[in-house]
Amino acid sequence: MYDVLPYPSTKEPWLTTARWRAVERHFREMVMRAGYREIRTPILEPTELFKRSIGEATDIVSKEMFTFVDRGERSLTMKPEGTAPAVRACIEHGLFAEHGLLKLYYIGQNFRYERGQKGRYRQHQQLGVEVFGAHDPAIDAEVLALAMNFFTSLGVRCKLHINSVGTAECRARYREALKAYVAPSLQHLSEEGKMRYEVNPLRMLDTKDQRDLAILAGAPVLRDFLTDDSSKHFEQLQGYLAALNIPFAIDDGLVRGFDYYSGTVFEIKGEGLGAQDALGGGGRYDGLVEECGGTAVPGLGFGIGMERCLLALEALGIQPPQEDESPIAFIITAGEQPAVRTTAVTLLHSLRSSGIAADMDYLGKNFRRQFKRADDLGSRFYIIIGEDEVASGTVQLKERTTGEQQKIDIDSVVQYLSGKAL
RNA sequence: GCGACUGUAGCUCAGGUGGUUAGAGUGCCAGGUUGUGGCCCUGGAGGUCGUCGGUUCAAGUCCGAUCAGUCGCCCCA
């Protein structure tokens with residue numbers, strides 16, 4: 001768990017709201033250019049939704065969900081990922097019927113009950129897209145290209161790993177072949193491997209255990225069990241990626257931790273991130289909508305880890321362009337007459353109403369300290385109001401960088417600064 | 001869920017083998033006449049030493065537990 005702060009801390013510079021907004025804006029602009037529309041779904045969903053979609057035998061569902069019973073005896077779960085809730089919402093609101101092709105994006109919080117680590121948090125944010133309705137491998141290419149472009153345009157170096165897990169039938173045939181291959185060596189498999197053999201054989205491939213890797217070295221490859229259609233789809237995708245100059249590596253062991261994937265799957269790995277190096281991942285889930293109670297609509301998408309992206313940027317010393325949060329003008333008051341403060345408060349309000357970022361002191365600081373406050377905030381102009389100015393209906397307007405100061409009519413301040421603020 | 005390491009002002013860190021009122025730098029606040037800022041000078045506030053328990057005449061320091069964080073396993077974003 002962590003807090004995102006308004007000011008940078010020396011310890012965790014990436015945990016600042018300005019930096020988060022910068023990355024979020026980068027993502028939003030990119031996907032909106034590509035025609036994606038935002039969807040927001042609730043944090044709480046019926047537990048059943050995730051059991052059905054992600055699969056009961058996966059790590060996420062079996063041991064990593066924040067699940068509880070509410071006062072109405074319903075089992076609810078804080079969403080561990082964004083795809084299933086999006087599918088649920090689209091079914092519920094008839095979006096599939098209304099749009100032949102549906103392109104969605106989301107920025108949302110996910111929750112997984114895991115041991116915290118750098119780059120792995122019990123609450124984490126994902127930036128993702130989901131596309132529904134298309135089988136065309138060109139849309140697979142679009143989705144992968146978006147995910148890769150998100151990182152490369154930020155300056156993050158990363159590698160794209162792809163694979164195809166085929167249709168449910170492909171996987172069923174492969175599962176048997178894999179089990180048959182491993183069966184003679186079953187006793188030599190790690191405990192984890194043995195468990196996966198029983199519960200979710202495909203996950204045996206996703207191991208780092210040296211002995212298991214040795215046993216699996218000559219195992220049959222899932223890709224050889226793909227139907228002609230699946231094979232062709234995967235090859236076409238590779239052709240598009242090549243045409244787009246997106247380097248990729250085919251990873252036979254890439255299986256992913258959700259059961260709903262079919263066909264294309266991929267993962268993006270960053271460099272120098274330690275154990276948690278998966279920056280993002282996703283794939284195709286052609287059976288998911290039907291599984292969740294909708295019509296047969298194909299789909300695919302990806303999720304990008306916000307924290308890992310920020311960590312990668314931090315490690316590379318990259319600062320995405322941030323919004324300027326400094327005021328344009330800071331009002332400084334002098335003198336004890338109540339009219340001075342009233343004039344200042346009124347002018348401040350006018351400036352802000354006209355879209356000019358402005359501020360003033362509320363701590364009763366003396367004249368000199370008010371200047372210091374304005375400097376600390378990075379204000380471009382000082383507006384000085386004293387008893388003389390109030391009497392003559394003017395203000396002293398001083399520019400910080402040049403030190404130039406002029407007396408101008410108080411009624412023309414807004415107009416003057418509007419010109420300068422551009 | 002498993003293993004290793006860490007835990008002292010807001011932040012970065014000092015505090016040999018247990019011994020009086022726990023320090024520094026930085027930041028913060030104030031003052032250097034509330035009519036001209038950045039620098040500078042002076043002063044001040046701020047810590048039940050992660051928490052609980054134990055050993056001891058005495059614990060920031062030793063022991064245990066617990067929590068949190070970091071790193072690795074696992075998994076993934």
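Lettering follows sequence order; numbering is per chain, from 1.
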May I have the step-by-step check of salt bridge (Lys or Arg N to Asp or Glu O under 4.0 Å) for A:Arg112 and A:Glu64, ending in yes or no? CA-CA 5 Å; A:Arg112 293 184 198 170; A:Glu64 293 174 5; 5.3 Å; no
Classify [X] by what it touches in the nucleic acid, base, sugar-phosphate, or nothing, heavy-atom distance under 4.0 Å.
| X | value |
| --- | --- |
| A:Phe258 | sugar-phosphate |
| A:Glu336 | nothing |
| A:Ala334 | base |
| A:Gly335 | base |

Considering Watson-Crick and G-U wobble pairs with both distances under 3.5 Å, what does [N] pair with?
| N | result |
| --- | --- |
| B:rA59 | none |
| B:rG64 | B:rC52 |
| B:rC5 | B:rG69 |
| B:rG16 | none |
| B:rC28 | B:rG44 |

Write down the distance between [atom1] ([X]) and [atom2] ([N]), rounded to a whole number of angstrom.
| X | N | atom1 | atom2 | value |
| --- | --- | --- | --- | --- |
| A:Arg373 | B:rC29 | CZ | C1' | 13 Å |
| A:Glu64 | B:rC2 | CD | P | 14 Å |
| A:Arg115 | B:rC76 | CZ | C1' | 16 Å |

Is the base of B:rG35 touched by the side chain of A:Glu389 through a donor-acceptor pair closer than 3.5 angstrom? yes
Should the pair A:Tyr2 and A:Trp20 be assigned to parallel (<30°), tilted (30 to 60°) or perpendicular (>60°) ring geometry?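 Answer is tilted, since the angle falls between 30° and 60°.
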If you check every side-chain atom of A:Lys398, which of B:rG35, B:rC73, B:rG37 has the closest atom?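 It is B:rG37.
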Carefully, step by step, assess A:Ser262 and A:Thr167 under the rule side chain to side chain donor-acceptor pair (under 3.5 Å). CA-CA 5 Å; A:Ser262 66; A:Thr167 62; over 6 Å; no
Looking only at atom types and distance, does a side-chain atom of A:Thr264 sit under 3.5 Å from a main-chain N or O of A:Gly283, one as donor and one as acceptor? no
Detail all sub-3.5 Å separations between protein N/O atoms and N/O atoms belonging to nucleotides 38-47 of chain B.
none

Salt bridge check: are A:Asp259 and A:Lys51 linked by an N-O gap of less than 4.0 Å?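 Between A:Lys51 and A:Asp259 there is no salt bridge, as every charged N stays at least 4.0 Å from the carboxylate O atoms.
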